[in-house]
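Numbered from 1 within each chain, the chains take letters A, B, ... in sequence-line order. Note: hydrogens, waters and symmetry copies are ignored here, and every other heavy atom, side chains too, is used. Remember, predicted model here, so these are calculated numbers, not experimental data.
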Amino acid sequence: MSQLEKNYSPRDFEDRIYKYWTDSGFFAPDTDSGKIPYTIVIPPPNITGQLHMGHALNNTLQDIIIRTKRMQGYAALWLPGTDHASIATEAKIVEAMKKEGLTKEDVGRENFLERAWAWNEKYGSRIVEQLKKLGCSCDWSRLRFTLDEGCSKAVDKVFVDLYEKGLVYRGERIINWCPYCRTSISDAEVEYGEKDGHFWHINYPLADGGGHLSLATTRPETMLGDTAVAVNPNDDRYKQYIGRTVILPIVNREIPIIADDYVDTEFGTGVVKITPAHDPNDFFVGQRHNLPVINIMTEDGRINQNGGEFEGLDRYEARDRIVELLKEEGFLTKTEEHRHNVGECYRCSTVVEPRVSLQWFVKMEPLAKPAIQAVKDGEIKFIPDRYSKTYFNWMENIKDWCISRQLWWGHRIPAYHCDDCGDITVSLTTPDACKCGGLLRQDEDTLDTWFSSALWPFSTLGWPENTRDLEYFYPTNVLVTAYEIIFFWVARMIFSGLYNMNKIPFDTVLIHGLVRDEIGRKMSKSLGNGSDPIDVINNYGADALRFMVTIGLSPGSDTRENSEKINAGRLFANKLWNSARFVLMNVEQDTKPEIPCTLTLEDRWILTKYNNLIAEMTANIDKYELGLGLQKIYDFIWDVFCDWYIEIVKPRLWSGGEGADSVKSLLLYILSGSLKLLHPYMPYITEELWQSLPGREGSIMVSPWPEYNAQYIYDSAADFENVIEAVRAIRNIRNEMNIPVSKKAVLYVETKQRQIFDECASVFVKLAGASEVVTGDSFDISGAVIIPTANARLLIPAGELVDTKKETERLTKERDACQKDIDFISGKLSNQSFIAKAPEKIINAEKEKLAKAQERMANIMLGIADTIDS
RNA sequence: GGAGGCAUAGCUCAGCUGGUCAGAGUGCUUGCUUGACAUGCAAGAAGUCCCCAGUUCAAGUCUGGGUGUCUCCACCA
């Protein structure tokens with residue numbers, strides 16, 4: 001009755017299946033079903049983004065979990081959405097406008113935002129479509145966007161609330177400034193890299209003419225903003241200078257020599273120039289000593305009017321000119337090569353300029369405290385656990401968070417300035433006028449993108465409205481993300497959840513690694529390495545891609561993209577496809593997938609294997625050991641089901657009669673159960689095959705997850721393992737002796753367990769080249785190959801093929817190996833401390849092993865004797 | 001300067017709470033058009049589980065040290 005094509009061809013059905021799922025509404029959970037909710041919120045991809053391998057991994061893992069939970073009967077919600085990605089998107093739009101010869105300022109804020117929304121319209125849906133191709137079972141009816149009305153409301157509410165509680169403040173602080181993006185960025189957005197630079201040694205002459213102080217700098221242009229020179233108060237070399245002044249070369253400004261502990265006497269000359277406006281440490285020194293702050297740079301990294309003759313020069317041009325001048329005037333005493341770490345903007349890689357400016361900040365300490373506690377108390381668990389250390393390390397040393405950005409694309413800060421009295425009104429609604437009656441204008445700045453993503457687990461569920469979704473689905477269950485993003489996002493969601501909802505946002509953070517390219521490099525746009533997941537899907541199928549990212553995955557560690565693994569996934573899909581095809585070709589339209597009343601030995605064996613599989617896989621997925629789970633169902637389908645069970649069962653299947661009927665039922669039962677277990681991992685092929693099964697209604701994705709049933713665990717499964725062992729041994733020998741498959745021979749089996757071998761005679765006929773199986777207590781056959789196993793002696797008459805000498809050698813080797821085993825085990829068992837201290841289970845297992853080996857030894861010895869006789 | 005990961009077959013990697021753990025895929029050798037699949041089947045070769053100590057009846061598995069390698073955080077002018 002099979003209508004399946006001969007080969008697996010995912011393109012023929014993946015899109016169709018996905019449409020079927022969405023049309024049926026399976027992805028959208030019901031809040032009134034009485035089921036227990038299970039929720040995952042997606043890490044929202046940027047609207048500038050295209051699906052890359054990292055997304056493929058991240059979303060495959062989430063889909064595996066949510067599909068499993070859905071089948072297990074939870075009201076499973078996977079809530080999708082996208083991130084407006086303020087700085088990244090704005091950069092792209094600015095870039096695009098540049099091609100038209102336009103700047104932001106040319107078009108103005110309103111027009112710029114129109115362009116940005118158009119961008120979102122055009123590209124925001126692209127990544128969503130790509131997630132759909134991957135097979136993600138997100139509830140698209142609940143799709144959110146960080147800049148949509150609801151999320152914006154949440155952002156405003158949190159901002160106003162934090163402001164009112166004094167946790168958001170505005171102040172002149174030193175921040176990281178990107179001269180290319182022309183905005184402040186947070187500490188987390190700076191990336192450090194080693195760069196070659198110079199160490200310029202400069203003499204600062206003392207104002208009173210008593211010589212000079214020598215110091216070194218890597219950024220000489222900042223001297224334009226120097227307002228002091230500092231030494232360590234305990235440094236005997238310089239104690240005498242404290243309180244005196246130096247003349248700043250070139251600038252000719254007189255600045256004080258101050259004492260501060262910050263100065264390291266061991267480093268450099270022990271004298272430091274202090275530029276409070278352009279160095280974070282100097283800024284704090286300046287604060288302690290009430291030094292003036294001279295900002296010498298414009299927003300685009302040029303020297304401003306405070307730089308005198310250097311005004312208008314780019315910071316690097318200014319650096320060169322100043323070095324030149326210093327040299328000319330004799331202040332420069334030495335130039336050293338110096339390799340040091342330089343901070344760059346994480347979006348555009350421009351070297352960041354520390355700069356004092358007026359920004360909005362979130363006071364972190366009070367927020368971080370409970371967030372640290374929640375993880376310490378185990379309310380929130382990181383998997384693997386070591387990442388909680390990363391989290392603590394950051395949270396315990398956290399500095400205030402600079403949240404204002406000089407960008408247009410984002411949530412505009414709901415603060416209103418009065419030009420008359422200088423007062424600031426922070427409000428959810430646009431106020432008409434200032435308290436003083438003056439006109440108000442809204443703050444020009446927008447908020448850090450991560451301010452809105454920090455609210456994601458509840459803003460997407462409707463907060464600040466008290467919606468049914470919020471009540472039902474919050475707190476969410478597991479958050480799946482890469483370790484890269486713990487600081488940016490995970491930590492901020494935790495304190496935001498605790499602060500605004502008074503509840504943790506999720507109880508588990510499942511951390512995964514990066515997908516690297518085939519030679520282990522990080523994937524990056526500049527390298528252009530790694531392949532496009534969409535290409536992979538088109539060529540191999542989404543299921544093969546999902547297989548690739550999941551198989552062999554170990555929680556928290558990086559994986560490599562591997563074309564061999566993608567192919568392995570495709571081959572596995574093909575194998576499954578064909579096994580289903582085989583089953584469908586051999587069952588009837590009215591065959592039911594059920595366990596028949598009468599079971600043969602191999603039936604009991606596969607039922608045992610199958611039930612153990614259910615238990616193990618369910619446990620694996622519960623513990624987020626998703627790679628292990630896939631490995632198990634893979635082994636079961638390919639090795640247990642296809643290579644052994646199907647092959648064994650063929651004769652019975654074709655014999656007709658009742659035996660055939662029960663095989664058909666059981667084949668269908670195991671197949672449909674296996675499809676279910678595999679479904680979370682490879683949803684498309686399992687659905688397509690499920691739909692082909694006779695008498696099937698509905699979708700596999702809402703079918704109940706298989707349940708372990710101890711009733712179908714049989715001791716006799718071990719007997720069948722012995723049969724398998726015997727088959728393998730025979731195949732091995734036949735192969736070694738070059739006996740062609742076509743050449744059949746009678747198989748004589750000497751055993752105390754004749755019943756097992758009698759029952760399994762057909763197995764040997766089918767799989768081990770036996771023409772028939774004769775069991776008995778003892779045989780005397782001349783010219784036979786003798787194969788000893790644990791519970792039998794197998795004899796195959798092979799006539800002239802048998803080389804007595806060779807056979808004796810083979811058996812002697814086996815005897816020696818077996819003797820070694822026996823010695824080892826009995827050694828263990830005669831060790832008194834082993835007997836005294838090892839658990840009984842282990843001891844019994846060893847005893848059994850010994851008994852088995854001894855039986856085998858007896859069979860080997862008999863074999864040797866017989867071989868020599870003949 | 002701090003913190004952490006990794007080191008297991010030629011290659012890419014699994015191995016949960018110490019005891020059927022020495023595994024998978026791929027590659028290699030050999031033999032097969034066995035009525036689902038040659039995108040397949042069968043058999044085989046191949047590993048001091050990085051090194052040295054320690055804990056234990058028992059150590060790829062736990063502890064300490066070493067070597068190699070990768071990453072994160074901080075950033076000293």
Next on the checklist: Would you say A:Arg386 places a side-chain N or O within less than 4.0 Å of OP1 or OP2 belonging to B:G4?
Outcome noted: no
Checklist entry - Does a side chain donor of either A:His201 or A:Glu336 reach within less than 3.5 Å of an acceptor in the other side chain? => result yes
Checklist entry - Ignoring hydrogens and geometry, is there a side-chain-to-backbone donor-acceptor pair from A:Arg734 to A:Pro740 under 3.5 Å? => result yes
Next on the checklist: Heavy atoms only, 4.0 Å cut-off, all strands: where does A:Asn341 land among base, sugar-phosphate and nothing?
Outcome noted: base
Next on the checklist: Strictly distance-based, threshold 3.5 Å: is any side-chain N or O of A:Asp517 a donor or acceptor partner for the main-chain N or O of A:Asn529?
Outcome noted: no
Checklist entry - Nearest nucleotide by nearest heavy atom, which residue falls closer to the 5' end of RNA chain B, A:Asn7 or A:Trp644? => result A:Asn7
Checklist entry - From the list B:C41, B:C76, B:C37, which nucleotide is the closest neighbour of the side chain of A:Asn574? => result B:C37
Item to check | Contact list for RNA chain B against residues 267-279 of chain A - heavy-atom distance below 4.0 Å | outcome: A:Phe267, A:Val272
Next on the checklist: Just to be sure I understand the rule, does A:Gly552 reach a base, reach only the sugar-phosphate, or reach nothing, if contact means heavy atoms closer than 4.0 Å?
Outcome noted: sugar-phosphate
Checklist entry - When you compare B:U30 with B:A45, how far apart are their P atoms, in angstrom units rounded to a whole number? => result 15 Å
Checklist entry - Hey, does the Lys NZ or Arg CZ of A:Arg492 hover above the aromatic six-ring of A:Trp401, less than 6.0 Å from the centre and inside 45° of the axis? => result yes
Checklist entry - Base, sugar-phosphate alone, or nothing: which one does A:Lys852 contact when heavy atoms must sit under 4.0 Å apart? => result nothing
Next on the checklist: So A:Gln631 and A:Ile551, do their side chains get closer than 4.5 Å, heavy atoms only?
Outcome noted: yes
Next on the checklist: Expected output check: what is the dot-bracket annotation of RNA chain B, where ( ) and [ ] are pairs inside the strand (brackets for crossing ones), | is paired with another strand, and pairs are Watson-Crick or G-U under 3.5 Å?
Outcome noted: (((((((..((((.....[...)))).(((((.......))))).....(((((..]....))))))))))))....
Checklist entry - Reckon A:Phe487 touches a base, only the sugar-phosphate, or nothing at all at heavy-atom distances under 4.0 Å? => result sugar-phosphate
Next on the checklist: Closest-nucleotide mapping onto RNA chain B: is A:Thr265 or A:Leu553 further toward the 5' terminus? I mean the 5' end.
Outcome noted: A:Leu553
Checklist entry - Is the shortest side-chain N to carboxylate O distance from A:Arg581 to A:Glu5 below 4.0 Å? => result no
Next on the checklist: Heavy atoms only, 4.0 Å cut-off, all strands: where does A:Glu647 land among base, sugar-phosphate and nothing?
Outcome noted: base
Checklist entry - Counting any heavy atom closer than 4.0 Å, what does A:Arg734 reach on the DNA or RNA strands: base, sugar-phosphate only, or nothing? => result nothing
Checklist entry - Reckon A:Lys849 touches a base, only the sugar-phosphate, or nothing at all at heavy-atom distances under 4.0 Å? => result base
Next on the checklist: Once you apply a heavy-atom cut-off of 4.0 Å, does A:Tyr634 come out as touching a base, just sugar-phosphate, or nothing?
Outcome noted: sugar-phosphate
Checklist entry - Checking all strands, does A:Asp643 fall into the base, sugar-phosphate, or nothing category for heavy-atom contacts under 4.0 angstrom? => result sugar-phosphate
Checklist entry - Which part of the nucleic acid, if any, lies within reach of A:Trp654 when heavy atoms closer than 4.0 Å are counted: base, sugar-phosphate only, or nothing? => result base
Checklist entry - In residues 562-570 of chain A, which ones come under 4.0 Å of RNA chain B, going by heavy atoms? => result A:Asn562, A:Glu564, A:Ala568
Next on the checklist: Mind checking if A:Pro839 touches a base, just sugar-phosphate, or nothing, with heavy atoms under 4.0 Å?
Outcome noted: base
Next on the checklist: Test your reading of the model: is there a side-chain donor-acceptor pair from A:Arg570 to the backbone of A:Lys565, 3.5 Å cut-off?
Outcome noted: no
Checklist entry - Is a donor on one side and an acceptor on the other found under 3.5 Å between the side chain of A:Glu189 and the backbone of A:Ser186? => result yes
Checklist entry - A:Asn732 near the nucleic acid: base, sugar-phosphate alone, or nothing, with a heavy-atom cut-off under 4.0 Å? => result sugar-phosphate
Next on the checklist: Taking only the C1' atom of each, what is the distance from B:C49 to B:U8 in whole angstrom?
Outcome noted: 4 Å
Checklist entry - The side chain of A:Trp638 lies closest to which of these nucleotides: B:C57, B:G40, B:C76? => result B:G40
Checklist entry - Which one, B:A36, B:U26, B:A24, comes nearest to the side chain of A:Gln631? => result B:A24
Item to check | C1' gap between B:A74 and B:A3, integer Å | outcome: 10 Å
Checklist entry - Expressed as a whole number of Å, how far does the P atom of B:U20 sit from that of B:G4? => result 31 Å
Item to check | Sidechain-backbone polar pair: A:Thr591 side chain, A:Val587 backbone, donor-acceptor under 3.5 Å | outcome: no
Item to check | Sidechain-backbone polar pair: A:Glu561 side chain, A:Ser531 backbone, donor-acceptor under 3.5 Å | outcome: yes
Next on the checklist: Categorize A:Thr217 for me: base, sugar-phosphate, or nothing, with a 4.0 angstrom heavy-atom threshold over every strand shown.
Outcome noted: sugar-phosphate
Item to check | Geometric cation-pi criterion, A:Lys650 with A:Phe582: 6.0 Å, 45° | outcome: yes
Checklist entry - Looking at A:Tyr634 versus A:Phe572, is the centre-to-centre ring distance below 6.0 Å? => result yes
Item to check | Selected nucleotide, minimal atom distance to A:Ser833 side chain, candidates B:C76, B:C57, B:A42 | outcome: B:C57
Checklist entry - OP1, OP2 of B:C72 versus side-chain N and O of A:Lys522: anything below 4.0 Å? => result yes
